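Note that the structure is a prediction, hence the values are computed from the model and not measured. Lettering of chains follows the sequences in order, A, B, ..., and the numbering in each one begins at 1.
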Number of protein chains: 2
Amino acid sequence: MLKINKLADYGLVVMSCLAQQTRPLNARGVTELTHLSLPTVKKVLKLLARAGLLVSVRGAQGGYALARTPELISLSCVLVALDGELSITDCSQAAGLCMVEHFCGIRHNWKMINQLFQKILNDITLADMLKPKMKLNVCLPETVS
Amino acid sequence: MLKINKLADYGLVVMSCLAQQTRPLNARGVTELTHLSLPTVKKVLKLLARAGLLVSVRGAQGGYALARTPELISLSCVLVALDGELSITDCSQAAGLCMVEHFCGIRHNWKMINQLFQKILNDITLADMLKPKMKLNVCLPETVS
DNA sequence: TTAAAATGGGACTATTTTAGTACTCATTAA
DNA sequence: TTAATGAGTACTAAAATAGTCCCATTTTAA
Ligand code: FES
Ligand code: FES
């Protein structure tokens, strides 16, 4: 449960690959470094560029580079770009998606959990993911109301 | 992203419904209280019973009841029963599922995040979910190694 | 003893989502 | 001018999900 789709997973691999480059890298280059298939890499790169996380340089000698430094790229925004907003249940995000909404006493609590997870993913940056052993500093009793 | 499947969602609704009963309730009774469809309710009840979260009483006047008090039922075990183990990415749980495992520098960090989420869902109980406004007390810098 | 009420287990189908691929157009450096 | 490269879009195949149905087993109650 709670799986992100593969595209999002690959997306993070690609992002961390590009974070280690000093100049734009093209799709083939990413393929060689990550061992992911070329069509998949292309798809991921396009989506990330469209989301504004990568800048693309067209034409010969073109390629992709991070739009910001890894410290300013949250895990959350990468995942959202490739796998949509975080919503643990259909009902925890928008209204009207769940048929038992009116009879359900747990919707509010799902929303709280959803917010907590969102905050966690927001606080982790690409730079953190690049570290061999990331530190997770989670201490958010104030998230709760 | 990070959605649990509908069965798991319904499962929690059913569990919270049963938590408010004083005697075993049959599938039809659950349907009436939750407004979920009967076949779906039956499926969920069977899965929860098999997982040991509910005890079933067969025969006339039979039905289902919680196997333990709500304080002793974690959100985690309900979700696992209906939607499998928590694993954000294929690679964060077991080895050998991801084709780029050998070239991937972020696998360890995914595992950390996975553990954190697991701990959060473990610490929330069914009793918490029944409260109108749950308190989330997350403060686990020691989870990290 | 019998009939009715209920769960248990499993199989099945339609739908939706996901993964992966292919093709054409636009842009740019050399 | 030309070759390299990204942008956009459409498509197919495979997998997961949701929802339904059927029949055997068990137990209560008439
Ligand atoms: S299960 Fe959908 S609103 Fe509660
Ligand atoms: S993406 Fe699978 S091991 Fe890292």
Side-chain angles (χ1 to χ4, degrees), chain A residues 1-11 13-14 18 23-32 34-65 67 79 81-84 87 89-91 97-100, chain B residues 1-11 13-14 18 23-32 34-65 67 79 81-85 87 89-90 97-100:
Chain A
M1 62 160 156
L2 290 191
K3 209 160 274 182
I4 59 172
N5 68 27
K6 291 212 176 179
L7 224 53
D9 190 4
Y10 297 157
V13 172
V14 167
L18 288 175
R23 54 176 58 195
L25 190 63
N26 66 21
R28 175 176 306 183
V30 174
T31 296
E32 282 166 7
T34 59
H35 295 80
L36 294 167
S37 86
L38 182 56
T40 300
V41 165
K42 280 176 151 178
K43 190 174 187 174
V44 169
L45 286 170
K46 282 180 226 178
L47 288 169
L48 290 170
R50 195 181 313 180
L53 296 170
L54 297 178
V55 288
S56 64
V57 182
R58 297 174 78 155
Q61 305 299 319
Y64 295 87
L79 296 182
L82 296 167
D83 199 9
S87 63
T89 65
D90 283 339
C91 0
L97 292 173
C98 178
M99 55 182 191
V100 295
Chain B
M1 61 160 156
L2 291 191
K3 209 158 276 179
I4 61 173
N5 69 26
K6 292 211 176 180
L7 225 53
D9 191 3
Y10 297 157
V13 173
V14 168
L18 289 175
R23 53 177 57 194
L25 189 64
N26 67 21
R28 175 177 306 184
V30 174
T31 296
E32 283 165 9
T34 60
H35 295 80
L36 294 167
S37 86
L38 182 57
T40 301
V41 165
K42 281 175 148 179
K43 190 173 187 174
V44 168
L45 286 171
K46 283 180 224 178
L47 288 169
L48 290 171
R50 196 182 310 179
L53 296 170
L54 296 178
V55 288
S56 64
V57 182
R58 296 175 78 155
Q61 305 299 318
Y64 295 87
L79 296 181
L82 296 167
D83 199 11
E85 280 296 326
S87 63
T89 65
D90 283 339
L97 291 173
C98 178
M99 56 182 189
V100 296

Original post:
Does D:dA18 have OP1 or OP2 sitting under 4.0 Å from an N or O in the side chain of B:N5?
Top reply: yes
Original post:
Considering only side-chain heavy atoms of B:K46, which listed nucleotide, D:dA18, C:dG9, D:dG8, is closest?
Top reply: C:dG9
Subject >> Atom pair CZ (A:R50) and CG (A:L45), whose distance is rounded to the nearest 0.5 Å >> reply: 12.5 Å
Subject >> Rounded distance (Å) that lies between atom P of D:dT17 and atom OH of B:Y10 >> reply: 14 Å
Subject >> Side-chain donor or acceptor of A:D83 paired with backbone N/O of A:N5 under 3.5 Å >> reply: yes
Original post:
B:G11 and B:L82: which non-hydrogen atoms are nearest, and at how many Å?
Top reply: CA-CD1, 3.4 Å
**OP:** Measure the spacing between OH of B:Y64 and CG of B:L25 and express it to the nearest 0.5 Å.
**Re:** 11.0 Å
**OP:** Return the minimal non-hydrogen interatomic distance between B:A51 and B:A81, and the atom names on each side.
**Re:** CB-CB, 3.6 Å
Subject >> Nucleic acid contacts - residues 52-64 of chain A versus DNA chain C, non-hydrogen atoms under 4.0 Å >> reply: A:R58, A:G59, A:A60
**OP:** Report yes if at least one side-chain N or O of A:S37 is closer than 4.0 Å to OP1 or OP2 of C:dG20; otherwise report no.
**Re:** no
Subject >> Residue A:T40, side-chain atoms from C-beta onward, closest of D:dG6, D:dT20, C:dT21 >> reply: C:dT21
Original post:
Taking for each residue the nucleotide of DNA chain C with the nearest heavy atom, is it B:R28 or A:K42 whose nucleotide lies nearer the 5' end?
Top reply: B:R28
Original post:
How close or far is atom P of C:dT7 from atom CG of B:L47, stated in whole angstroms?
Top reply: 14 Å
Subject >> Whole-Å distance separating the NZ atom of A:K43 from the P atom of D:dT5 >> reply: 23 Å
Original post:
Rounded to whole angstrom units, what separation is found between the CG atom of B:D83 and the C1' atom of D:dA16?
Top reply: 11 Å
Subject >> Length of the CG-C1' vector between A:L48 and D:dA7, whole Å >> reply: 14 Å
**OP:** Would you mind reporting whether A:L18 and A:L48 have side-chain heavy atoms less than 4.5 Å apart?
**Re:** no
Subject >> Nearest-angstrom distance from the residue atom CZ of A:R23 to C1' of C:dA29 >> reply: 14 Å
Original post:
NZ of A:K3 versus P of D:dA15: gap in Å, rounded?
Top reply: 14 Å
Original post:
Heavy atoms, side chains only, cut-off 4.5 Å: are A:N26 and A:V57 in contact?
Top reply: no
Subject >> Whole-Å gap separating P (D:dG6) and CG (A:L18) >> reply: 11 Å
